[in-house]
A.B. asks: 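Got a structure for you, written out below as structure tokens; questions coming shortly.
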Amino acid sequence: MILLLTPEESFVPFLQGLVGDTVEISRKWDPAWRDAQPIEVVQSTVVPVPDVVIVGPTVPESVALEWAGAFDREHPEIGRLIIAPATPDLLMGAMRLGVREVVPPNASGDQIREAVDRLLGAAARLRSAMPSNETASVSTNRVISVLSAKGGSGKTVVATNLALGLNEVAPGGVVLVDLDIQFGDCGSTMNLEPEQTLTDAALNASVLDATTLKVFLTPHPSGLFLLGPPQSLVDAAEVTSQQVKAILDLLVGIFEYVVIDTSSGIDDHAITAMEFSTDLVLLSSSEVPSVRAMSRHVETLDTIGMTRQERHFVVNRAGTRVGLRTSDIEQTVGLQACVEIPSSRQVVMSTNQGAPIIHSAPKDPAARAMQELVDRFVPEQAEDSRAKRGWKGKR
Ligand SMILES: Nc1ncnc2c1ncn2[C@@H]1O[C@H](COP(=O)(O)OP(=O)(O)O)[C@@H](O)[C@H]1O
Ligand SMILES: [Mg+2]
């Protein structure tokens with residue numbers, strides 16, 4: 001369906017003649033929009049959600065750009081076409097907003113039809129790649145970065161299990177991004193060998209869109225998608241923060257959950273990941289160096305202003321006789337632990353076998369703790385529907 005925002009009633013039969021009778025066109029216009037915020041225009045026109053929105057003709061170019069920007073933020077999956085004189089300002093603004101189609105009002109019918117066809121084609125391809133509506137309705141988008149100050153804290157184990165657990169709730173709606181740029185091992189932890197990696201996506205970042213980005217993802221049999229890490233340190237060095245930003249920007253528009261595994265400490269890519277994140281999973285094991293380092297890590301997050309995200313402090317390998325008590329860890333770090341993952345041989349075995357514990361040994365106490373973490377990100381509605389489907393993950 002095409003949503004047409006223009007005061008020009010006569011444009012409807014003209015456009016219908018170009019695209020054919022099988023494509024529904026819905027024209028909407030309200031003079032009150034002149035004083036409305038762009039987001040209000042989006043909200044009042046976007047039900048039902050169209051495949052393509054066309055702004056113009058005879059909508060001022062600055063207004064058309066503002067609306068296209070608001071559609072981009074609220075519904076990046078909708079293709080956008082602006083019909084307005086192609087001034088340099090309009091073209092620059094359109095490029096910045098990723099509006100790929102701009103045609104002048106005096107364009108030929110063929111030019112307009114071709115632009116609309118391209119957008120409808122892209123919308124159809126994206127729809128087939130998108131998670132189903134059922135899953136789309138159960139949660140709001142979350143971007144979750146898994147971080148720790150020290151290596152070996154269990155980031156990769158937690159990120160892979162978290163992503164797989166969330167994928168049970170939103171099948172096909174979850175992507176795991178391995179941003180441990182030099183030594184990423186999410187693939188082997190899940191028995192996947194990505195043919196395309198972050199480097200391949202990054203080198204194409206400037207021309208990627210939501211549809212083409214899918215080519216670089218590796219599907220896990222569960223329906224989870226992985227964006228695999230560079231295959232060598234040389235490949236890793238080619239990836240810039242700008243490219244990672246462009247990729248995350250697209251992924252956030254496509255997937256309900258983006259889970260990001262990081263390397264230890266706070267490098268450029270971790271900062272990029274955090275900038276996109278709604279949630280931070282902060283991991284520490286229960287040994288003194290790890291706890292002290294996490295305390296400094298949290299202090300640094302405060303110092304650099306990374307305070308907007310919800311923090312979830314997780315103590316890994318908790319409760320061992322030789323480890324610190326959780327209450328002491330909490331006091332040192334200054335955060336309350338929301339989940340404690342016990343030390344478990346099953347975790348090591350599952351890592352070595354490439355079969356994450358949440359699937360391979362769901363009854364293991366460590367798997368139950370992982371599930372507890374997953375549940376923190378699941379809205380109640382989804383938990384209900386999961387319970388109705390008889391899903392066994394819940395204790
Ligand atoms: N709760 C746990 N019990 C036992 N072993 C664990 C646990 N958490 C992690 N491990 C093991 O510790 C190692 C490091 O974990 P990993 O997730 O790779 O850490 P990171 O990504 O933070 O460097 C892996 O071999 C993993 O199997
Ligand atoms: Mg790791």
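Just follow the structure's listing: the first ligand is 1, and inside any ligand the first atom is 1. Heads up: numbering here begins at 1 and tracks the sequence.
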A.B. asks: I need the nearest protein heavy-atom contact for atom 4 (C) of ligand 1: residue, atom name and distance, please.
C.D. replies: S344 O, 3.1 Å
A.B. asks: Does any N, O or S atom in T156 come within less than 2.8 Å of the Mg ion (ligand 2)?
C.D. replies: yes
A.B. asks: Can you pull out the closest protein heavy atom to atom 8 (N) of ligand 1? Residue, atom name and distance to 0.1 Å, please.
C.D. replies: N316 ND2, 2.9 Å
A.B. asks: Quick one: do L224 and M190 satisfy side chain to side chain contact (heavy atoms under 4.5 Å, CB included)? Show the steps, please.
C.D. replies: CA-CA 10 Å; L224 171 71; M190 291 194 297; 3.7 Å; yes
A.B. asks: Is a donor on one side and an acceptor on the other found under 3.5 Å between the side chain of S290 and the backbone of E287?
C.D. replies: no
A.B. asks: At a 4.0 Å threshold, what atoms of ligand 1 neighbour a non-hydrogen atom of T351?
C.D. replies: 26 (C), 27 (O)
A.B. asks: Report yes if some heavy atom in the side chain of L248 is under 4.5 Å from a heavy atom in the side chain of I260; otherwise report no.
C.D. replies: yes
A.B. asks: Applying a heavy-atom cut-off of 4.0 Å, say which part of L283 lies close to ligand 1: side chain, backbone, both or neither.
C.D. replies: neither
A.B. asks: Among protein heavy atoms, which sits nearest to atom 17 (O) of ligand 1, and what does the distance come to when rounded to 0.1 Å?
C.D. replies: V157 N, 2.9 Å
A.B. asks: For D51 and I2, indicate whether the former's side chain and the latter's backbone hold a donor-acceptor pair under 3.5 Å.
C.D. replies: no
A.B. asks: For W33 and W29, take the angle between the two ring planes, folded into 0 to 90°, and tell me which bin it lands in: parallel under 30, tilted 30 to 60, perpendicular over 60.
C.D. replies: perpendicular
A.B. asks: Would V291 and V333 count as a side chain to side chain contact (heavy atoms under 4.5 Å, CB included) here? Give the steps.
C.D. replies: CA-CA 7 Å; V291 174; V333 174; 3.9 Å; yes
A.B. asks: Would you mind finding which of V146, V348, V347 brings a heavy atom closest to atom 7 (C) of ligand 1?
C.D. replies: V347
A.B. asks: Within the structure provided, determine whether S295 and T332 are in side-chain contact (heavy-atom separation under 4.5 Å).
C.D. replies: yes
A.B. asks: Which of these, V244, L226, V143, L251, sits in a side chain to side chain contact (heavy atoms under 4.5 Å, CB included) with V177?
C.D. replies: L251
A.B. asks: Applying a 4.0 Å heavy-atom criterion (strictly less than), which segment of A366 is in contact with ligand 1: side chain, backbone, both, or neither?
C.D. replies: neither
A.B. asks: Looking only at protein heavy atoms, which one is nearest to atom 11 (C) of ligand 1, and what is the separation?
C.D. replies: R317 NH2, 3.3 Å
A.B. asks: Under 4.0 Å, counting heavy atoms only: does P342 come that close to any atom of ligand 1?
C.D. replies: yes
A.B. asks: If hydrogens are left out, which of Q346, R345, K155 has an atom nearest to atom 20 (P) of ligand 1, that is, the closest non-hydrogen atom?
C.D. replies: K155
A.B. asks: Is a side-chain N or O of T272 found less than 3.5 angstrom from the main chain of K245, in a donor-acceptor match?
C.D. replies: no
A.B. asks: Starting from atom 18 (O) of ligand 1, locate the nearest protein heavy atom and write down its residue, its atom name and how far away it is, to 0.1 Å.
C.D. replies: T156 CB, 3.9 Å
A.B. asks: Please examine the side chains of V239 and H269, heavy atoms only from C-beta on, and report whether any two atoms are closer than 4.5 Å.
C.D. replies: yes
A.B. asks: Indicate yes or no: does an N/O atom of S153 lie under 3.5 Å from an N/O atom of ligand 1?
C.D. replies: yes
A.B. asks: For G152 and ligand 1, answer yes if some heavy atom of the residue is under 4.0 Å from a ligand atom, otherwise no.
C.D. replies: yes
A.B. asks: Can you sort out which atoms of ligand 1 are near G151, meaning under 4.0 Å from one of its heavy atoms?
C.D. replies: 23 (O)
A.B. asks: Quick test: of every protein heavy atom, which one is nearest to atom 15 (O) of ligand 1, and how far off is it to 0.1 Å?
C.D. replies: G154 CA, 3.7 Å
